[in-house]
Participant: 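First the structure, which I've put down as structure tokens, then a few questions once you've had a look.
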Amino acid sequence: MISFFRKLGWLTERRRKEDELREELQFHLDEEAEQRQAEGLAKDQARWAACRDLGNVLLIQESTRAVWTWTFFEQLVQDLRYALRAMIHNRAFTALAALSLALGIGANTAIYSFLDALLLRSLPVSDPASLVVLNWRAKVWRGDSVVEAMSGSIYDDSRMGSVSGIFPYPAFELLQNSDTVFSEVFAFCRTQEVRTMNVTIKGQADLAHGELVSGDYFRGLAVRPAAGRLIIPDYDRTGAAAVAVVSHAFSEKHFGGAGSAVGQTILINNLPFTVVGVTPPEFFGVDPAAAPDVCLPMHTNILLGAANQFGFRANDYLDQNYYWVEIMARLRPGVSLAQAQAALAPRFQQWVATTATNDRQRANLPALTLKEGATGLDTLRRQFSKPLYVLMALVGLILAIACSNVANLLLARAASRKHEIALRLSVGAGRLRIFRQLLTESVLLALLGGVGGVLFAIWGIRFLTLLLAGGPQRVTLNAELNWHVLGVTAALSLITGVLFGLAPALQSTHLDLASALKETRAGQPRARHMSWRVNLSKILVVGQIAISLLILVAASLFVRTLSNLRSIELGFNRENVLLFQLNARQAGHRDPEIAEFYGNLRERFAAIPGVRGASLARSTLIGGEHGLPISVPGAPPNDANRFLAVGPGFLTTMQIPILAGRDIEERDHSGSQPVAVINDRFAKINFGGANPLWRHLILWKPGKDKYPARDMEIVGVASNARYGGMKQEIPPVVYIAYDQGFPQPNEMVFALRTTGDPLAFVSSVREIVRQADARMPVSEVRTQKAEIEDAIHQEITLADLSSVLAMLALTIAGVGLYGTMSYTVARRTGEIGIRMALGAEPRAVVRMVLREVLVLAAAGLTISVPAALGASKFVESFLFGMKPNDPLALTLAVAILLGAALLAGYVPARKASRIDPMTALRHE
Amino acid sequence: MSRQPPSRVELLQGTLDVLILRTLLRRPAHGHAIAKHIQRTSEDLLQVETGSLYPALHRLEAKGWIAASWELSDKGKRARYYRLTPRGRKQLATEQSKWQAFSRAIGLILNPMDEEAR
């Protein structure tokens, strides 16, 4: 075979070789003509004979050229150049098509990048694939269980029961002796002492997020320090020096650089720690949802908890029923996850059985499971993967709509090109060749759309990052365009190009040549072909309408959910309330002075001009999560009871109506009779219809020995108000005074009812706090309204995004419908002209066109309404206050769709009614 | 537009190649002369499709079996003359023996049938 390199060499000589061939063939023709002449033919006869003898000169040239170059690539280059010229020539069409594609592909790429970052991005450590996260699973953990106390989260999974990642410390020690399967085992936790800490550096107080880590944590993760050294097992002992490792960002913010941080002394919750090292910039811990600023050795929690009544005690390290520490490990080379699980589950099973005290507990023991740890803990995934999948489905549908739009546009264009194609077919082009050329055009268009899509994606990713992660967390969700995602985008573009180019390309080459070459109306393709094209166009539009309805239904469901949530009965007034948090204990104050300190602050706040009321509470009403055993004397404590430690006038400040008795007031302080205010629910459950006032309630200290902490008198009944989450039912709540004994106040939330914008008062608040104690930062400053919006952040995002997507889908589908109807009207110009000449009124023509539009819409609806009803089951978990088959949402969606369809069809209908019968008939 | 079933094209290509090589064994010639020669020498039995001659010539040239140069024809016009190269000569010998073996084999098969029929 002729070698590659020789062909390459001939590339430059092409022109010359073609000229020579032409000359050679001309010589042949001349010779042959002369010969024929010599045989007796006339001159021109001889010429013709010679030409006939030689045959198709162009074909000879083509065949010869095939010897010199790679025909395929030459033809490809030809096709590309032609396609480019055509695209530049039809700017409007190209722009419209490329734009629809860019939007569709861009949206898909953006969402996919997020999913990629969320699900596939590994921890920035070496060999993340060998990391495992230890979990346990049990049928139901509430009630009687070996988990007597916990600090962390337990997830309820409908399939697997309860799943959690927290373990007792003795379990960690047991699992540390697993040299056969693990090369490293390490633990970490974020208890309340370190989740948010007061860090004072050179007198400047700030808040930081911390994490407690075991001695092998950094070795297990194989992380190298950016400066200094990281925590080693030597530091993780009771009595070791108090050291800290800070994050790179933290060191830059507070010390000006990693190097300058090492050796510095900082105060954490008023206790001195020495910074020994700085983690590298890409390190974010093991949970992408919570990057720590400071890592401390685990045993320092005894130091930190000493000042706190609920704080960590040295005994807790020995407690077999207190679940608080999270564990990860690295598999030995050659050991698989399944092998490790098989080896360890029985050992854990044996151990946990010894911690059970009765048969009921033994029947429901936690079972050890190992999970892959390459991507770290799955907190983020739990939170975001479902909404992202829903969004991915929606944008996938949008891409389908965009593709069918472009297909429709191409079909229309192919109609106008049929003359050109017929010509080319008749001159000798092969069907395949033309097919390839048309396909090249659509792939080029798709690639153009893909490039635009990448640009849209970059913008979209930034927008989505703000939207999704704008919630309460510090989320390390760095979605970016990496090669992986770009590859998927390129594949998407190619596939869409082939998909939407296929039908028009196939159709265009099925032409009745003779009639196509003629230009008269009789030259319109036969009815059979015609109905094929029109039917395809209509099918595409019906498909677009169907898909738009699906997206519309999703959007209306989410929007209705959001409006349901926003209008939910709160039980208190959310307007003009400023919330902020102070932690006196972490700043160095101690009992019993803390209560007085808070009381003074409250009075100073109440004195600010413009503040109508000031109070404080252990947590906000939405964020509440506290339960301690509270019981009516004689009855056992009920787990469902919730309590909130509040300051004087809290209920009044939050404007919760008092149904009987009074609010907690200033006369209730330490020393006076402990009082409580119950909510209506509590009253009904525990006292029925009887008057609960002046009855007593007992607050018990948590733990095995039942020790009564407070004996309270009920002085008031409050109306039911939200406690803990927007979607849950209001539980029975007891409001107690914060300064009347156990539990002593820790961090408190202050609530100020203001006249006008609450945020205008922030500077006064900060000044008052600074004067009272400069070491205490004011944190979590927000309005009550903003807190509620934060709580429903996901619903807001879904509603906003799906509305945008629905509008997008409607626009694209509307354009498609408009195009199809315009084409239909244009095709039927003659018929309409005849109708009008025979006396049809313009209104009747409009009605006729709109009727056709409605038929298309109805066809789309018949497909999509059942599909919508079926698919809405998937989004059931996102909805609130309604069933997935909500008729109102469905009706709304259908109404919007029909309205949009009629709007899109109106302009072509008007145009049809304006047809001048004379011109129309003459056009024939 | 000529449409040829693939198998015939292959056969024709192979045959045409060897005919061209043989024609050029005697002396160099231009395309037209080669066509006429083949026609004449085969007693007009082989109607060479002139259109396939030139691609064949260029293919053989690309393979290096013949070489071409522009010369003045006997009538004084510029023409592209082809001549056999040493490699082409070798190729011709190979092809010739292949064809002879082929026709001998066919003949052997055909002749016994004749004898039986008698």
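Letters A, B, ... are given to chains in the order of the sequence lines, protein chains preceding strands, and every chain is numbered from 1.
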Participant: Using non-hydrogen atoms only, which part of A/Leu29 is less than 4.5 Å away from chain B: side chain, backbone, both, or neither?
Facilitator: neither
Participant: Which pairs count as salt bridge (Lys or Arg N to Asp or Glu O under 4.0 Å) when at least one residue sits in residues 43-52 of chain A, sequence neighbours excluded?
Facilitator: A/Asp30-A/Arg47
Participant: Let me see the working for B/Lys36 and A/Glu31 under salt bridge (Lys or Arg N to Asp or Glu O under 4.0 Å), right down to the final yes or no.
Facilitator: CA-CA 11 Å; B/Lys36 285 300 161 218; A/Glu31 284 290 298; over 6 Å; no
Participant: Quick one: salt bridge (Lys or Arg N to Asp or Glu O under 4.0 Å) pairs with a partner in residues 82-93 of chain A, sequence neighbours left out?
Facilitator: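 Found none.
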Participant: Which atom names give the shortest non-hydrogen contact between B/Tyr54 and A/His28, and what distance separates them?
Facilitator: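 Looking at all heavy atoms of both residues, the closest pair is OH-ND1, 2.6 Å.
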Participant: Below 4.5 Å from any heavy atom of chain B, which atoms of A/Gln26 appear? Answer side chain, backbone, both or neither.
Facilitator: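 No part of A/Gln26 comes within 4.5 Å of chain B.
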Participant: Is the ring centre of B/His30 less than 6.0 Å from the ring centre of A/Phe27?
Facilitator: yes
Participant: Holding to side chain to side chain donor-acceptor pair (under 3.5 Å), I want the full list of residues that pass it with A/Arg436, two or more places apart in sequence or in another chain.
Facilitator: A/Gln75
Participant: Taking the side chain as C-beta and beyond, is there a heavy-atom pair between A/Lys17 and B/His58 under 4.5 Å?
Facilitator: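 No; the side chains remain at least 4.5 Å from each other.
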Participant: Counting only non-hydrogen atoms closer than 4.5 Å, can you tell me which residues of residues 72-83 of chain B sit against chain A?
Facilitator: B/Ser73, B/Lys75, B/Lys77, B/Arg78, B/Ala79, B/Arg80, B/Tyr82
Participant: So does A/Arg16 have more than 12 non-hydrogen atoms from other groups sitting under 6.0 Å from CZ?
Facilitator: yes
Participant: Go through the atoms of A/Gln61 and report whether side chain, backbone, both or neither lie under 4.5 Å from a heavy atom of chain B.
Facilitator: neither
